[in-house]
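Have a look at the structure below, then the notes.
Computed from a prediction, not measured in an experiment: that's the story for all the values here. Order of the sequence lines sets the chain letters (A, B, ...), proteins ahead of strands, with each chain counted from 1. Atom set for the values below is all heavy atoms of this structure, side chains included, hydrogens, waters and symmetry mates excluded.
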Amino acid sequence: MTTPPARRGGWSEADREREHELLARLAALPPDDDARGPIRDELVTMHLPLVHHLARRFRDRGEPHDDLVQVGTIGLIKAVDRFDPQRGVEFSTYATPTVLGEIKRHFRDKGWSVRVPRRLQELRLAITRATAELSQDLGRSPTVKELAARLEVTEEEVLEGLEAAQSYSTLSLDGSAGDSDGESPALVDTLGSDDAALENVEYRETLRPLLDALPPRERQIVLLRFFHNKTQSEIAAEVGVSQMHVSRLLVKALGTLRGAMGVDA
Amino acid sequence: MQSSEVVLTVPAESSYVSLVRTAASAVCSQADFTVDALDDFRLAVDEACALAIAAAPEGADLTVTFRTLGHTVEVDLLSPSATGSPIGTNTFAWTVLTALVDSVETEVTDDSLLGIRLRAHGIESVAS
């Protein structure tokens with residue numbers, strides 16, 4: 001793999017070799033071996049700067065940095081325990097989505113969300129309903145103009161409502177869809193049939209574990225949209241959620257992938 | 001056919017992307033995009049902005065030009081590129097962009113400006 005993994009500023013060649021050596025040794029030991037402890041500790045310590053870096057992305061969101069580092073470190077430990085050097089990806093690339101997942105879960109568990117005024121929440125619900133109805137009537141997804149006419153509001157209000165839908169808390173909707181703790185079905189089971197679709201993507205070896213680390217529903221939606229060229233409405237019908245929800249999950253998933261890959265991948 | 005142009009210059013920083021996205025929504029709504037197409041276009045603009053910002057040196061500006069011709073919207077993103085390298089057509093980002101809009105073009109000019117052009121279309125709306 002020639003892709004530089006996200007942020008390893010300050011690492012010497014010796015550090016990197018040490019990392020690879022430790023990871024190989026850890027992978028060779030049985031899960032209950034006492035020798036794992038010190039190796040694990042050293043690996044976690046080595047990668048704490050990564051956790052600090054990722055936690056800083058969430059500053060100004062009302063949670064103390066130290067708390068975020070703490071939950072992020074839990075993600076790091078999980079990543080150390082689950083990493084398989086055979087996969088051929090850099091550890092930091094593998095660990096990033098896991099750490100981010102823990103931090104985001106922390107926000108979710110605390111019920112954090114962008115505060116959306118009640119008026120917009122009602123508008124959002126009305127738009128969701130009208131979008132479904134009009135899609136039925138028209139055989140395609142409606143335009144903003146058509147939604148505005150149906151709801152007897154201005155186009156600007158519809159746009160506002162669509163915007164509000166993006167920041168609406170995903171708490172209630174995604175909670176049940178399996179969590180981003182990496183306990184999703186094995187990569188090979190879910191992605192096997194998508195190999196052909198992924199064929200032409202550079203760094204697909206990097207992409208796979210990242211897709212695998214997404215919550216199952218987000219992964220499914222990403223694959224359907226980008227590798228099977230289904231429309232958002234088609235996906236909504238197939239997965240059994242609203243089009244807005246599909247849109248929101250796509251935004252979320254792409255953000256996660258972008259962050260984890262470094263933007264140029 | 002109705003045509004118009006909207007030009008937006010913002011600092012090449014992620015905190016300004018929402019502004020570009022909001023402009024994209026308004027422009028696409030004018031051109032009678034379906035909600036599907038509008039959301040796709042916004043996602044593509046997001047992705048393209050992320051690419052431009054990642055390549056841009058500190059303090060650079062990102063110029064976004066929306067052109068509407070009838071129901072077709074074209075957006076040009078132009079920003080300095082520190083690396084001077086174009087966007088690979090075999091990257092995941094490229095896969096995402098091409099899946100979201102009708103056409104994607106990219107180039108790096110002689111003076112190291114990275115350009116990304118996206119094009120998508122709305123429909124003949126039935127509502128008056």
Enter the distance from B:Leu38:CG to A:Leu162:CG here, rounded to the nearest 0.5 Å.
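If we round to the nearest 0.5 Å, B:Leu38:CG and A:Leu162:CG are 6.5 Å apart.
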In Å and rounded to the nearest 0.5 Å, what is the CG to OG1 distance from B:Asp39 to A:Thr231?
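Nearest 0.5 Å value for the CG-OG1 distance: 11.5 Å.
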Check each atom of A:Leu147 against the heavy atoms of chain B and say whether the ones under 4.5 Å are side chain, backbone, both or neither.
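When you check distances to chain B, only side chain atoms of A:Leu147 fall under 4.5 Å.
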Can you confirm whether B:Leu100 sits close enough to A:Arg225 that some side-chain heavy atom of one is under 4.5 Å from a side-chain heavy atom of the other?
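The answer is yes; the side chains approach within 4.5 Å.
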Please check if atom CD in B:Glu105 has more than 12 non-hydrogen atoms from other residues, nucleotides or ligands closer than 6.0 Å.
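More than 12 within 6.0 Å, yes.
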Pair B:Asp32-A:Thr143, side-chain donor/acceptor within less than 3.5 Å
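Per modelled atom types, B:Asp32 and A:Thr143 side chains form no pair under 3.5 Å.
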Atom of [X], atom of [Y] and distance for their closest heavy-atom approach:
X	Y	result
A:Gln243	B:Asp36	CG-OD1, 3.3 Å
A:Phe226	B:Thr95	O-CG2, 3.9 Å
A:Ser141	B:Val35	OG-N, 3.3 Å
A:Leu254	B:Glu47	CD1-OE1, 3.9 Å

Please identify, among B:Ser18, B:Ala26, B:Ser29, B:Ser25, the residue contributing the most non-hydrogen atom pairs under 4.5 Å to chain A.
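Option with the greatest count: B:Ser29.
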